[in-house]
There are 2 protein chains.
Amino acid sequence: MRKPITISDIAIKLNISKSTVSRALKDHPDVNPATKKKVKALAEALDYEPNLLAASLAKKQSSLIGVILPEFNRAFFSNALEGIQEVARRNGYSVIICQSNEDFELEVLNTRMLASNKVAGILMSLTLQTADFRHLERLQEKEIPFVLFDRVAEQIDCPKVTVDDFQGAYQITQHLISKGYQNIAHLSGPLNLSICKNRYNGFMAALSDAGRDIAKAQVYECEHLKEDAYASAKKLLQLGVPRPDAIFCVSDYVAFEAMRCIQDLGLRIPEDVALVGFTNDPATEYVTPRLTTMEQPARKIGETACEMLVKSLKEESDEHPHVILPTTFIERSSS
Amino acid sequence: MRKPITISDIAIKLNISKSTVSRALKDHPDVNPATKKKVKALAEALDYEPNLLAASLAKKQSSLIGVILPEFNRAFFSNALEGIQEVARRNGYSVIICQSNEDFELEVLNTRMLASNKVAGILMSLTLQTADFRHLERLQEKEIPFVLFDRVAEQIDCPKVTVDDFQGAYQITQHLISKGYQNIAHLSGPLNLSICKNRYNGFMAALSDAGRDIAKAQVYECEHLKEDAYASAKKLLQLGVPRPDAIFCVSDYVAFEAMRCIQDLGLRIPEDVALVGFTNDPATEYVTPRLTTMEQPARKIGETACEMLVKSLKEESDEHPHVILPTTFIERSSS
DNA sequence: GTGAAAGCGCTAACAA
DNA sequence: TTGTTAGCGCTTTCAC
């Protein structure tokens, strides 16, 4: 890389001091408009690029926000990332991202790496495995602000953003009940995750409030959401007594797999089995136009999380709100 | 943020010099194993985090790789990003990403921002709009290495990674011909993009080589891939003379939209209209198990691009290879 | 309104 | 093997 232009270069050419150049470049109030103009003109002409590394080092304040996601290739996370990116950019931050790949070790390494890069703060959604929170506690000790979203740890006291999982699950289950379905099953994920747990609770509460016999509800936990969904759906449909006439799926790919299974078994949706689920994937409308869903405002979640981080970056406030966003019920009737 | 531990802190506590600490920490060969051990132990105990900003500044060499993508929320790009991330991590780099959002202005701003962050190099896939390449030329002037992938600019002399669009299109068109389809149409994108152009050419070449009358081939250019696809498909199917019995789609969402249109018109796939296309979206298998596709090795593309960048970072070589990866033909028969 | 000087945390000659 | 010193490019007192 060729030696880049620095403020010293400009200062020398203009026969003024570095400090004046520095001030002029950031529109400091008390600097002569004339010199300010000269400086800016020369900077432009020389195609000067400020060295953000040096600036961060001097200010002890970086303009980078770190993000750790379990994976990129899922609509929810990539949408959330868009929201994050957007808010960060508007506030003068850039985003440095890492993928934990649903691997706890990597998640820990990533927090270290971001800390080393002296990011201003961190946004993260935990892996399915994360049960040990010492890496988060270490961030707190170092006073690196962070916000958790979607997959959050209840044990940790920090700002959080999630959707109203209980309410969403309750509502969509109620929808099935009102449609007259008698044997509603639930394909869930690991129940140690609060997100799955809350949906499970919402499901159960709706059944219970409708006077259904909770004990009879058939629920399968899919350890690895996508991988286990097909098999679980199959068990449900082949061995379930009675066979469910409706299935509530905890997330989009679980629903897609369930759909595939239903079709492979020669059953029809929704005549034989109705299918509903939480979802974010834009492909949903293609996959099955008949899938009634609770849509999660993925992008909004990302925006909100980033806004909270930015806020805590400026204000040093010690509040740790847990923002709960509503989901959107979308009924797609049979075609 | 509380004042973090620095190498000076360690040096003072151990009554040795900063440089020794620095050397010990990076396993410099000529440093006494004993002191090395002491230093590492204390660093560990104090939970020391090296300040990568300072290191980069001093070394004039950053450990960040910049990535600019048109959007995250598309399977192709998020898969490519995974590959990039993986290779970068393995080589000790972190990834700082920006979304150009298919907006040329943003793309330009992003290159400036990355340059300001003094990234070691840049990976990018251009927006659909990009027709002015001065921002790339500026990177070349500043000698910031970059690699283009997928959406590349033929005018710019730099390393590039794409798939074999011509060959893929040729092969999938040939497939349709061999199946006996007579009126094969093509839903394309902006033909000023080499990626679309090459697929178009492959399509035409296959028809021509099979002795078909090229002049009769019906082709629609969708300016905005996803947005215009439905309308174009509709025109093709309602107004096309003769009505196509097969459609080759330039990308996944174009194919999804075409499928939706075909179904809305009450036609069947593939009995009335066969559908084939380039694709990357894992949802394809759900959307239509009958869609025969050319799969692009998105992840591999990302990996390759990043490897090329890393290589040019170490070796200062002045080669600018254009790597062309093969696509994979996947025939999905009617269910 | 401008300049001089110190320093952010680290690296890398050059000495010792 | 270790210490000394001089930066990297920028910000920021504190003088003038």
Side-chain angles (χ1 to χ4, degrees), chain A residues 1-40 42-43 46-64 92 115-120 142 144, chain B residues 1-40 42-43 46-64 92 115-120 142 144:
Chain A
M1 190 169 1
R2 187 167 47 205
K3 195 159 173 31
I5 310 290
T6 71
I7 51 171
S8 301
D9 298 331
I10 299 184
I12 292 170
K13 295 217 171 148
L14 254 33
N15 223 329
I16 56 180
S17 77
K18 274 176 16 177
S19 16
T20 305
V21 175
S22 173
R23 282 188 280 247
L25 253 17
K26 30 187 45 63
D27 270 328
H28 192 99
D30 40 57
V31 45
N32 190 317
T35 47
K36 195 180 282 186
K37 212 170 201 168
K38 275 198 303 190
V39 170
K40 286 191 172 174
L42 187 57
L46 261 36
D47 200 15
Y48 164 77
E49 305 269 14
N51 185 330
L52 257 42
L53 294 189
S56 301
L57 184 60
K59 279 192 298 204
K60 294 155 134 330
Q61 230 256 80
S62 138
S63 60
L64 255 36
S116 265
N117 270 296
K118 302 297 162 187
V119 294
K142 307 209 180 214
I144 298 175
Chain B
M1 190 173 355
R2 186 166 48 204
K3 193 159 176 26
I5 310 292
T6 72
I7 51 170
S8 302
D9 298 331
I10 299 184
I12 293 171
K13 294 218 172 141
L14 253 33
N15 224 329
I16 57 179
S17 79
K18 274 178 11 179
S19 21
T20 304
V21 176
S22 173
R23 283 189 279 246
L25 253 17
K26 27 186 49 63
D27 270 330
H28 191 99
D30 38 59
V31 46
N32 190 316
T35 46
K36 196 180 280 187
K37 211 168 200 171
K38 273 198 305 188
V39 170
K40 286 192 171 174
L42 187 57
L46 261 36
D47 201 15
Y48 164 77
E49 304 269 14
N51 184 332
L52 257 41
L53 294 190
S56 301
L57 184 60
K59 279 191 298 204
K60 294 156 135 330
Q61 229 255 76
S62 138
S63 61
L64 255 35
S116 266
N117 270 296
K118 302 297 163 189
V119 293
K142 305 206 183 223
I144 298 176

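Throughout, a chain's letter reflects where its sequence line sits, starting with A, and its residues are numbered from 1. These numbers come from the heavy atoms of this one structure, side chains and all, not from hydrogens, waters or symmetry mates.
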Practice task
Would you please confirm or rule out a distance under 4.0 Å between OP1 or OP2 of D:dG3 and any side-chain N or O of B:S17?
Solution key: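 True: B:S17 side-chain N/O within range (under 4.0 Å) of D:dG3 OP1/OP2.
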Problem - Presence of B:T35 side-chain N/O under 4.0 Å of D:dT1 phosphate oxygens OP1/OP2 - result: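 The answer is no; no side-chain N or O of B:T35 sits under 4.0 Å from OP1 or OP2.
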Whole-Å distance between [N] [atom2] and [X] [atom1]?
{"X": "A:L14", "N": "C:dT2", "atom1": "CG", "atom2": "C1'", "answer": "13 Å"}
{"X": "A:K118", "N": "D:dC10", "atom1": "NZ", "atom2": "P", "answer": "21 Å"}
{"X": "A:N32", "N": "C:dG1", "atom1": "CG", "atom2": "P", "answer": "7 Å"}
{"X": "B:D30", "N": "C:dA16", "atom1": "CG", "atom2": "C1'", "answer": "14 Å"}
{"X": "A:Q61", "N": "D:dT11", "atom1": "CD", "atom2": "P", "answer": "12 Å"}
{"X": "B:L25", "N": "D:dT2", "atom1": "CG", "atom2": "C1'", "answer": "16 Å"}

Problem - Set of residues satisfying side-chain hydrogen bond (donor to acceptor under 3.5 Å, both in side chains) with respect to B:N15, sequence neighbours excluded - result: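 B:N15 satisfies side-chain hydrogen bond (donor to acceptor under 3.5 Å, both in side chains) with no other residue.
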Handout entry: For B:T35, all residues meeting side-chain hydrogen bond (donor to acceptor under 3.5 Å, both in side chains), sequence neighbours excluded
Key =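 So B:T35 forms no side-chain hydrogen bond (donor to acceptor under 3.5 Å, both in side chains) with any residue.
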Return yes if some donor-acceptor pair links the side-chain N/O of [X] with the main-chain N/O of [Y] below 3.5 Å, else return no.
{"X": "B:K36", "Y": "B:H28", "answer": "yes"}
{"X": "B:N117", "Y": "B:V119", "answer": "no"}
{"X": "B:S116", "Y": "A:L52", "answer": "no"}

Practice task
Can you pull out how bent the helix from C:dG1-D:dC16 to C:dA16-D:dT1 is, comparing the axes over its first five and last five pairs, to 10°?
Solution key: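 One end's axis against the other's: 40°.
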Handout entry: Donor + acceptor pair across side chains of B:S17, B:T20 (<3.5 Å)
Key =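 Result is yes, a qualifying pair exists.
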Completion exercise
Reading nucleotides 6-13 of chain C from 5' to 3' and marking B where a protein heavy atom lies under 4.0 Å of the base, S where only the sugar-phosphate is that close, and - otherwise, the string is -BBBBBBB
Problem - Listed partners of B:K38 passing salt bridge (charged side-chain N to carboxylate O under 4.0 Å, His left out), at least two apart - result: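 With neighbours one apart ignored, the set is empty.
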Practice task
Compare all side-chain heavy atoms of A:L14 with those of A:V21 and state whether any distance is below 4.5 angstrom.
Solution key: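 They are not in side-chain contact.
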Problem - Pairs flagged by salt bridge (charged side-chain N to carboxylate O under 4.0 Å, His left out) wherever residues 47-58 of chain B is involved - sequence neighbours left out - result: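 Checked against salt bridge (charged side-chain N to carboxylate O under 4.0 Å, His left out) - neighbours excluded - the pairs reaching residues 47-58 of chain B are A:R112-B:D47, A:R138-B:D47, A:K142-B:D47, A:K142-B:E49.
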